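Worksheet for the structure shown next.
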Amino acid sequence: MNILIVRVSSLGDVVHNMPMVADIRRHYPDANIDWVVEEGYTSLVRLNPYVRNIIPIALRRWRKSLGNAATRAEIAAFYRQLRHEAYDIVFDTQGLLKTSVVMRMARLAPGGKRVGLANATEGSGYEPISRFFHTQSIKVGLHTHAVMRARAVAAGALGYQPDTAADFALQAPALQTAPAWLPTHPYAVFFHGTARAAKQWPVENWVAVARALSLPVLLPWGSAREKLAAEELARQMPQATVLPALALMDAVAVVQHAALVVGLDTGLTHIAAAYCRPTVELYCDSPRWKTEGNWSPRIVNLGDTGAPPDVAQVVQAINQVLSASKAEADAVPLDSRAQNNEA
């Protein structure tokens, strides 16, 4: 069975779509799964060993230069790649007009179908017109978590129940050499930056948490404004380092090796939760139920829309996730540890 997933963006949404892939392969081990995703996220999808082919799309870049001959050539090449394989099922888990059009462009095998969402969840960007492109539309609850929403669409089309813990199946990024700025000793990462000001957490809170830690803190950033904010935080923290500009796989490596991640409701925080790193997710102005990491005791979610957490809650949550991580490590049999060390 050949399956195509259309989930083009954003970073956090791409992460939350991963367990759908593991579910399909668990119930249909021989399924071939391809994925259409924005070009900037191809390296992330490549970390999932269950995805056979990745078809990059560049909607964000193309829309700025549709009159350009080179852009039109890229679009034609994308169309040819999308049509190369005939698919038994094409899933659109984003529910937008643009993604449903991509779904419609894909070539179906005889008897194939196009499957998507029948309705929005609260606060989602769902566009009802997308249903016109479906062969089958799957209804989900109004307050369905982002991970379960994608899992439910696949389960409804393929006839199984998504009744296991979410499996993101993300492998470690294959870096040629460890970057010089990546510490060899345990460290914490603070994902303090977010595009929307209302989702930010006060500077004094970040500083207070850093001062309560015995770990040095790494401060990534994704824009000039976030870099300035990171530099201001570092000036007030006892052991803080502002990282250089990071490519996506470098940022994933920072997360994957972290002893602790504290972050706002952003894609990189959700990647940390997907790897089940000790993670404290902070919700200051977004609904926690939509994206909270609820699949591991190593993850604690705090706050909600208009109700950001305080410093004491975050410090308590840090102690909780670090204790859970230590308990899990202590529970590993000695012979298993030896085998892991040999590997």
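Quantities reported herein were computed from a predicted structural model and do not represent experimental measurements.
- No side-chain donor-acceptor contact under 3.5 Å links Tyr283 to the backbone of Thr305.
- A donor-acceptor pair shorter than 3.5 Å can be found between the side chains of Arg26 and Thr164.
- Formation of a donor-acceptor pair under 3.5 Å by the Ser223 side chain with backbone atoms of Glu226 is found in this model.
- Remark: the His143 side chain and the Glu122 side chain contain an N/O donor-acceptor pair separated by less than 3.5 Å.
- The aromatic rings of His192 and Trp206 sit perpendicular to each other, their planes meeting at more than 60°, with 30° as the lower class boundary.
- A donor-acceptor distance shorter than 3.5 angstrom exists from the side chain of Arg83 to the backbone of Met105, with no hydrogens or angles considered.
- The pair Glu38-Arg61 does not meet the salt-bridge criterion, since no charged nitrogen lies less than 4.0 angstrom from a carboxylate oxygen.
- Side-chain atoms of Arg211 come within 3.5 Å of backbone atoms of Gln236 as a donor-acceptor pair (strictly under, hydrogens ignored).
- By the 30° and 60° cut-offs, the orientation of the rings of His270 relative to His16 is tilted.
- Here Arg114 does not pair with Asp92 in a salt bridge; the nearest charged N to carboxylate O distance is not below 4.0 Å.
- In this structure, Trp221 contributes its side chain and Leu228 its backbone to no donor-acceptor pair below 3.5 Å.
- Between the CD atom of Gln81 and the CG atom of Asn53 there is a distance of 7.5 Å, given to the nearest 0.5 Å.
- Between the NZ atom of Lys98 and the CD1 atom of Ile57 there is a distance of 8.5 Å, given to the nearest 0.5 Å.
- When only modelled atom types and interatomic distance are considered, Tyr126 and Arg131 share a side-chain donor-acceptor pair under 3.5 Å.
- The CD1 atom of Ile129 lies 8.0 Å from the CD atom of Glu127; values are rounded to the nearest 0.5 Å.
- Partners of Trp62 according to the side chain to side chain donor-acceptor pair (under 3.5 Å) rule, which considers only residues two or more places apart in sequence or in another chain, are Glu74.
- At distances below 3.5 Å, at least one donor-acceptor pair connects side-chain atoms of Glu281 with backbone N or O atoms of Gly293.
- Under the 4.5 Å side-chain heavy-atom criterion for Ile, Leu, Val, Met, Phe, Trp and Tyr, Leu170 and Ile299 are members of the same hydrophobic cluster.
- With hydrogens and angles disregarded, no donor-acceptor distance shorter than 3.5 Å links the side chain of Arg52 to the backbone of Asp34.
- A donor atom on one side chain and an acceptor atom on the other are not found under 3.5 Å apart for Asp88 and Asn2.
- One distance of note links CG of Asp13 with NZ of Lys290; it measures 8.5 Å at 0.5 Å rounding.
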Inset, instruction - Report the C-alpha distance between Lys199 and Asp285 in whole Å, list the side-chain angles of each, state the deciding distance to 0.1 Å, and finish with yes or no for salt bridge (Lys or Arg N to Asp or Glu O under 4.0 Å). - result: CA-CA 5 Å; Lys199 293 174 68 173; Asp285 196 53; over 6 Å; no
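- Between the Ser323 side chain and the Asn319 main chain, a donor and an acceptor come within less than 3.5 Å of each other.
- The side chain to side chain donor-acceptor pair (under 3.5 Å) search around His257 returns none, not counting sequence neighbours.
- For the atom pair CG (Leu117) and OG1 (Thr144), the distance works out to 9.5 Å, reported to the nearest 0.5 Å.
- Judged purely by distance below 3.5 Å, without hydrogens or angles, the side chains of Glu85 and Tyr87 never pair a donor atom with an acceptor atom.
- The aromatic rings of His27 and Tyr160 lie parallel to each other, their planes meeting at an angle below 30°, with 60° marking the opposite boundary.
- Rounding to the nearest 0.5 angstrom, the gap separating the CE atom in Met20 from the CG atom in Leu158 is 8.0 Å.
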